[in-house]
Trainee: 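A single structure is presented below for examination.
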Amino acid sequence: MSLDAFSALLVSGLVLGSIYAMMASGLSLVWTTLGIFNFAHGVFMALGAYVAWTVSDAAGLNLWLGLAIAMSVAFMAGLGILIERTVVRPFYGQRDMLLITVMTTLAVMMFLEKGIQMLWGPRLKQLRPIVEGKVSLLGITISAQEAFIIVIAPLVLAALWAFLRWTSTGRGIRAVGQNPDAAKLIGINASAMFAVTFALSAVLAGFTGILLGSLRLLTPGLGAEPLIKAFIIVIFGGMGSLAGTIGAAYIIGLVEAFLITIVGFYWAPSALFLILIAVLLVRPEGLFGRRVA
């Protein structure tokens, strides 16, 4: 393999890893705090992109893309709170909460996908790139949008880490995730923390959809494949470990880029699952998870 080919694979892997890291971190945050998997997370990604397109494109409101991103982020935050209050909160504390929320979030996923089809129609759409042009990275030329994704993802994730570590709300989310009953005893509003968590998760998914929507055509199923990868990453990195999820996302992105070259685009997902199974046979708690005695 030539140096240019290796550089191209590395950059491709970083782009994929950046997308997966932001997608999976929101999914991991909900799992860590609420103990559920949100199957509507993928369609949040598509919806965020469609809202931004509606505001920014000439066929829509034809407004500034920055305003479109801000409006999409605000919309996704509100939607996250609404979904948490209507289809998750009623089942807190129930014995079969995990199974019930699987069904309710799957129902939300299907409802929102059909809603996107009805509102925006079947015609394919694409967002304008946030950053236009070409840049040189590691000796190869890539789009400025791809370079922007590689740069912005660590900044977004660092901001998330700082929020969870240094703000009172972030510390409240972490406390509720560790022990909700103890958190309530010291005066933390667990219900409010759950709502904020869902809002953060929806914002991360929507913003990821905006970034991806400038590289791919928009479809109602835009987030379906990334959602599957996000589930893989959360398990691969270690359940309940946000740092492990982020590390696993970049590993998966790089591995996938190399697998596409070695075994082809068609077989790469299957090979990825085989690698996951092999890792879990050796480390059932995940690559970065802690073994429970």
Trainee: Ignoring hydrogens and geometry, is there a side-chain-to-backbone donor-acceptor pair from Asn189 to Ala192 under 3.5 Å?
Mentor: yes
Trainee: Kindly compute the distance separating OG (Ser25) from CG (Leu160), expressed to the nearest 0.5 Å.
Mentor: 6.0 Å
Trainee: Decide if atom CZ of Arg89 counts as having more than 12 heavy atoms of other residues, nucleotides or ligands within a radius under 6.0 Å.
Mentor: yes
Trainee: Kindly indicate whether the side chain of Ile130, heavy atoms from C-beta on, has any atom under 4.5 Å from the side chain of Ile152.
Mentor: no
Trainee: Report the distance from atom CG of Asn38 to atom CH2 of Trp31, rounding to the nearest 0.5 Å.
Mentor: 12.5 Å
Trainee: Linking I/L/V/M/F/W/Y whenever any side-chain heavy atoms sit under 4.5 Å apart, do Val73 and Trp64 land together?
Mentor: no
Trainee: We want to know whether Trp120 and Thr54 form a side-chain donor-acceptor pair, criterion being a heavy-atom distance below 3.5 angstrom.
Mentor: yes
Trainee: State, with a plain yes or no, whether a side-chain heavy atom of Leu222 is found less than 4.5 Å away from one of Thr219.
Mentor: yes
Trainee: Without swapping roles, check the side chain of Ser201 against the backbone of Gly26 for a donor-acceptor pair under 3.5 Å.
Mentor: yes
Trainee: Are the aromatic ring centres of Phe39 and Phe231 under 6.0 angstrom apart?
Mentor: yes
Trainee: Identify whether Ile69 and Leu61 are in the same connected component of the hydrophobic contact network (ILVMFWY, side-chain heavy atoms under 4.5 Å).
Mentor: no
Trainee: I want to check something: taking the side chain as every heavy atom from C-beta on, are Gln126 and Ser214 in contact at a cut-off of under 4.5 Å?
Mentor: no
Trainee: So, Ser18 side chain and Leu14 main chain: donor-acceptor pair closer than 3.5 Å or not?
Mentor: yes
Trainee: Could you check whether any side-chain heavy atom of Met193 comes within less than 4.5 Å of a side-chain heavy atom of Ile188, counting everything from C-beta outward?
Mentor: yes
Trainee: Starting from the C-alpha separation in whole Å, work towards a yes-or-no answer on side chain to side chain contact (heavy atoms under 4.5 Å, CB included) for Lys134 and Ile142.
Mentor: CA-CA 6 Å; Lys134 302 285 185 181; Ile142 61 173; over 6 Å; no
Trainee: Under 4.5 Å between any side-chain heavy atoms of Lys229 and Leu272, yes or no?
Mentor: yes
Trainee: For the ring pair Tyr92 and Phe194, is the centre-to-centre distance below 6.0 Å?
Mentor: yes
Trainee: Between the main-chain N or O of Leu227 and the side-chain N or O of His41, is there a donor-acceptor pair closer than 3.5 Å?
Mentor: no
Trainee: Can you confirm whether Leu212 sits close enough to Leu127 that some side-chain heavy atom of one is under 4.5 Å from a side-chain heavy atom of the other?
Mentor: no
Trainee: Measure the shortest side-chain to side-chain distance between Phe44 and Ile83 over non-hydrogen atoms and say whether it is less than 4.5 angstrom.
Mentor: yes
Trainee: Which value, rounded to the nearest 0.5 Å, describes the distance between Ile186 atom CD1 and Asn179 atom CG?
Mentor: 9.5 Å
Trainee: May I ask you to test the Met76-Leu204 pair for a side-chain heavy-atom distance under 4.5 Å?
Mentor: no
Trainee: Could you grab the distance from atom CD1 of Ile100 to atom CZ of Arg95, nearest 0.5 Å is fine?
Mentor: 9.5 Å
Trainee: Hydrophobic cluster membership, with links at side-chain heavy-atom distances under 4.5 Å among I/L/V/M/F/W/Y: are Trp267 and Phe273 in one?
Mentor: yes
Trainee: Phe198 and side chain to side chain contact (heavy atoms under 4.5 Å, CB included): which single residue from Val203, Val30, Leu29 fits?
Mentor: Val30
Trainee: Is it true that Leu67 and Val51 fall in one hydrophobic cluster, defined by side-chain heavy atoms closer than 4.5 Å?
Mentor: no
Trainee: Between Trp161 and Val196, is there a shared hydrophobic cluster once you connect ILVMFWY residues whose side-chain heavy atoms come closer than 4.5 Å?
Mentor: no
Trainee: For a side chain to side chain contact (heavy atoms under 4.5 Å, CB included) check, start with the C-alpha distance between Ile210 and Ser72, then their side-chain angles and the critical distance, and finish with the verdict.
Mentor: CA-CA 9 Å; Ile210 293 170; Ser72 177; 3.6 Å; yes
